[in-house]
Undergrad: 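What follows is a single structure, and I will ask about it in a moment.
Below, read A as the first sequence line, B as the second, and so on, with proteins coming before strands; counting in each chain starts at 1. These numbers come from a predicted model, not from an experiment.
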2 protein chains.
Amino acid sequence: MKSDRPTIRDIAAMAGVSAGTVSRAMNGLPGVGADTRRRISEIIAEQGFRVDATARQLSTGRSNTLGVLFPLHASEVVMHPIYPELLGALGDAAERAGYDILLLTMSRDQPAHVRDTVVRRRVDGVVMPAAGPRDPLLRQLTDLGAPVVLIGHRSRLPSVGWVDCTHDTAAREVTRMMLDAGRRDLVLMNGPVHVSACKLRSAGFWAEVTEAGPAVASAREVSVPFDTAAATAEALTLLSGDSPPDAIVCASDTIAAGVLDAARSLGLSVPDDLAVSGFDDSPFGALTQPTLTTVRMPLHDIGRAAAEMLFAMIDQRPTSRRVVLPTEVVVRASTSPAFMPPAP
Amino acid sequence: MKSDRPTIRDIAAMAGVSAGTVSRAMNGLPGVGADTRRRISEIIAEQGFRVDATARQLSTGRSNTLGVLFPLHASEVVMHPIYPELLGALGDAAERAGYDILLLTMSRDQPAHVRDTVVRRRVDGVVMPAAGPRDPLLRQLTDLGAPVVLIGHRSRLPSVGWVDCTHDTAAREVTRMMLDAGRRDLVLMNGPVHVSACKLRSAGFWAEVTEAGPAVASAREVSVPFDTAAATAEALTLLSGDSPPDAIVCASDTIAAGVLDAARSLGLSVPDDLAVSGFDDSPFGALTQPTLTTVRMPLHDIGRAAAEMLFAMIDQRPTSRRVVLPTEVVVRASTSPAFMPPAP
DNA sequence: CCGGTTTACGCAACCGGTTGCGTTATCCTG
DNA sequence: CAGGATAACGCAACCGGTTGCGTAAACCGG
C-alpha cells in the first residue's frame, strides 16, 4: 500500500475544523452547522476520503462484520448449490446495510478457530447455514453473547434466531400430487433423519398419507444419505422387491437422480411406471431425463431474512426470531399430471 | 458482547511486566527473557487471551485479510460448482496461514464498493476468480497497490499474478480421443470467446485438428453462452444440418447437457452416432444419460496456489506470478473407447 | 576488578477514528 | 437589553495493540 490516504485529521485541517467535528458531520450526528457540514462533505468527496473501518472498529467496538459459517470438511454442505445462492443473498443484504461478510472456515482439526475468529475480529453476528442446534459451536457462540441465526434448522433456544422454509407442507403437496395422479404405493426416500428438514418432510408426507386414508394402498419411509450412488442402490432394492412402489418422494434431487438411475436400469418408465420427485431445485434437475419435479426453496428470501434478523438482533431491535418462508413445487416431467387413470 | 475480555495490559499486569513486553513475547520477538516469556505464555493460555485483530491492524497497518471477489450479478459465476470448491481451497490455505477471508460482493449498481471495501478494511490482497484482465476493477486495485491474483484468466501486467490450468492441452487430449475413436467430423462448441479459457480450448482443439491432418474430414467451431437451452438450440441446428458432426467437444458441461438433449430429441444415440464431451467435471456430469466425459480442473490446487502466491506477494517475497496446473480428462460413457472401427 | 557490550525490560508515542465534556458565540424571550 | 437556553465547535482521552528509544542490570573478556 504505497498510497498514504488522508486521515480524518487531514480532512479536518482542510475544512478548518477539528477531527471531532468531521466525525460528527460524517455520521450525521447533531452539533455541526449546516454550512460546515456541507463544506466537510464536499472536501470528503473531492479527496475520496473513506473512513478507516479498522480505526472505527477499535473505538466503537463494533466491526459491522457478519460471519458466515463455511465448513471445510462436510464439503457436501458447501458444494450444494443452495450454499452459494444463500451466500449471495446474504452478501446482497449485507452490502446494502453497510456490513461486510467474513468467511468463518471451520475445519475438523481446528475446532476453536471459528470462535477465536469471532472474538479476534469482533464479528457482530454469525449466520450458520446447515449447522444444527446441537452443534457445540452454537453453544460456544451464544456463550460469547454473539447473535446467531440458523438457516435450515430450528432451535428452541430463545437467544438464537432461525429462518427456515415449509419443508412439511412442501412434502405434503408433493405427496398429494402423487395421490391425485392415481398413485397408491408410496415411498418417502428421506435423507438422514437427524436433519431437521428431513424430520419436517417426513411429517408432511405422513400427514398427507394419513388424511388420504384408503386412497393409499401402502406407504413406507426409508433413509439414505444425500448421495446418488446410495440412493440408486436403495431404489434398486425397493423397485425389484415384492411390492414395488409407483411413486417415490425424495428428500433431495441427488437422491431422486439415483432413483431415476435405478428405474432406468430396471427398464421402468418414468413417470408411467413410477413417479419421482426431488427436493432443492438443483440446476441439474432440468437436465435429467425425464426432467425432475422438485421443490424450490426461497433461498434469496431466506438469506435476506436471516441477514435482516441478524442486523436487528445486533442493534437490539425487536424482531421475530422464527421465520418460516413458503416453498414452491416445480412440476416437471418425472411426475404425471393429476387425474390420470390409476394403473390397473 | 457482554464479556469484557482481558487486554494485553491486563496480561501484562498479571505477569508483572509492561504491555510492550507481552507484545514482544507473543510475537516471538527478541528482547524477552526465557522465563518471562514462559510465564507470559502460561498466563495467556490460562486466561484464554486472544490478541484483538482490530487493534493490531490499526498499529501494524496489516489486516491479515484477503478479499475474494463475489459477483452478485453474474450469478452463473458464483453458482458454478467450481466457485465454492475454490473458495474452500482458499479458505483452507488462509486458515493455515493465519489469514481471514472477506467476501468482496460486487454488484452492478455499486461499482466502487469493492475498491472501497479494500481500502476501508485494509485488505492485504485480493483473489479474483472468473474476472478478466480487462475488468476495470483490476485496474482500480492495482492502482491502490493491492496485490491481486487472478484465477482462470491470464494477464500480461507484471504486477498481477494468476493461476490457471491447461485448458489447451485438455481440449487437445479430448479431441485426440475423439479422433482415436474414429470420429472424423468434429465440432467445438465453445463458450464466449472473450473468456480466456475458451481461447485456450479453441487453440488446443485446432492444434490437434491441424496435426491430425487428413484423419479429420471436417472441423468447425461455434460459440454459445454457457447455457443449456442455448446449446440445445445450436446443437439442433448443427445435428439436423447438411453435414452433421459425429463428435462435439463442448467448453462446459452445461453446454454438453444441451447437446445431449438435442441428440435425444433427434433420436441420435450417444456415443454410437455422436460423441460428446464436456468441461469442468460438474457434479451432474455423472448423472446425465449417458454419463458425461469431461475435464476436471485441479480446483483445490488452484485455490491453494493462488493463496500462497498472494501471501508471498503481500510479504514481498519472490514468487512465480504465473502458475499453470495440469487438468485431467474424466472418461465416461458419452465418448466411445478408442480403436473402434470408423463409421463407414 | 573495570570498562564496554549485550540483554531485558519500561516508557510513551502512535495507528485513525469516536465521544464526553467544556467553552464560546448566537439566539430567543420577557 | 439582560439573562438564560441552545447550538457549534475544540480538546483530549480513549479503544488495544505495536515499536523505537532509553536505561539499568547482567555479562564478558582482559
Undergrad: For a quick check of understanding: with a heavy-atom distance under 4.0 Å over all strands, which category does B:Val22 fall into, base, sugar-phosphate or nothing?
TA: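 It contacts nothing in the nucleic acid.
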Undergrad: Measure the distance from CE on A:Met26 to P on D:dC9 and round it to the nearest whole Å.
TA: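 In whole Å, D:dC9 P lies 16 Å from A:Met26 CE.
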Undergrad: Mind checking if B:Thr54 touches a base, just sugar-phosphate, or nothing, with heavy atoms under 4.0 Å?
TA: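 The answer is nothing, as B:Thr54 stays clear of every strand by at least 4.0 Å.
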Undergrad: Ignoring the backbone of B:Leu58, work out which of D:dT18, C:dT18, D:dG16 is nearest its side chain.
TA: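 Closest nucleotide among those given: D:dG16.
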Undergrad: Is B:Gly31 touching bases, backbone alone, or none of the nucleic acid, heavy atoms closer than 4.0 Å?
TA: base
Undergrad: Under 6.0 Å from the CZ atom of B:Arg134, do we count more than 12 heavy atoms belonging to anything else shown?
TA: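 Not more than 12 within 6.0 Å, no.
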Undergrad: Going by modelled atom types, is there a donor-acceptor pair between the base of C:dG16 and the side chain of A:Arg56 at under 3.5 Å?
TA: no
Undergrad: If the threshold is 4.0 Å, N to carboxylate O, is there a salt bridge linking A:Asp52 and B:Arg122?
TA: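 Counted as a salt bridge, because a side-chain N and a carboxylate O are separated by less than 4.0 Å.
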Undergrad: Which nucleotide sits closest to the side chain of A:Arg122: C:dG16, C:dT18, D:dG16?
TA: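 Minimum distance to the A:Arg122 side chain belongs to D:dG16.
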Undergrad: Please classify the nucleic acid contact of B:Gly20 as base, sugar-phosphate, or nothing, using heavy-atom distances under 4.0 Å.
TA: base
Undergrad: Taking for each residue the nucleotide of DNA chain C with the nearest heavy atom, is it B:Arg24 or B:Ser59 whose nucleotide lies nearer the 5' end?
TA: B:Arg24
Undergrad: How close or far is atom P of C:dC15 from atom CD of A:Gln57, stated in whole angstroms?
TA: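 In whole Å, C:dC15 P lies 18 Å from A:Gln57 CD.
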Undergrad: Are any of A:Thr21's side-chain N or O atoms less than 4.0 Å away from OP1 or OP2 of D:dG10?
TA: yes
Undergrad: Between B:Ile8 (CD1) and C:dG10 (P), how many Å, whole number?
TA: 12 Å
Undergrad: Please walk me through it: do B:Asp100 and B:Asn64 pass side-chain contact (heavy atoms from CB on, under 4.5 Å)?
TA: CA-CA 6 Å; B:Asp100 292 313; B:Asn64 272 35; over 6 Å; no
Undergrad: Would you mind reading off the distance between A:Asp52 atom CG and C:dC14 atom P, rounded to a whole angstrom?
TA: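 Those two atoms, CG and P, are 18 Å apart.
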Undergrad: Separation of B:Arg37 atom CZ from C:dT7 atom C1', in whole Å?
TA: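 Roughly 12 Å, once rounded to whole Å.
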Undergrad: Considering every strand and a 4.0 Å limit on heavy-atom distances, what is the contact class for A:Thr60: base, sugar-phosphate, or nothing?
TA: sugar-phosphate
Undergrad: Could you check whether A:Asp35 pairs with A:Arg39 (Lys NZ or Arg NE/NH1/NH2 to Asp/Glu carboxylate O, under 4.0 Å)?
TA: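 No, A:Asp35 and A:Arg39 are not salt-bridged.
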Undergrad: Give the rounded distance in Å between these two atoms: CZ of A:Arg9 and P of D:dA13.
TA: 13 Å
Undergrad: Nearest to the side chain of B:Thr7, which nucleotide is it out of C:dG17, C:dT18, D:dG16?
TA: D:dG16
Undergrad: Output the rounded distance in Å from CG (A:Asp35) to P (D:dA7).
TA: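 Distance, rounded to whole Å: 16 Å.
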Undergrad: Using whole Å, report how far CD1 of A:Ile11 lies from P of D:dG10.
TA: 15 Å
Undergrad: Salt bridge check: are B:Arg96 and B:Asp92 linked by an N-O gap of less than 4.0 Å?
TA: yes
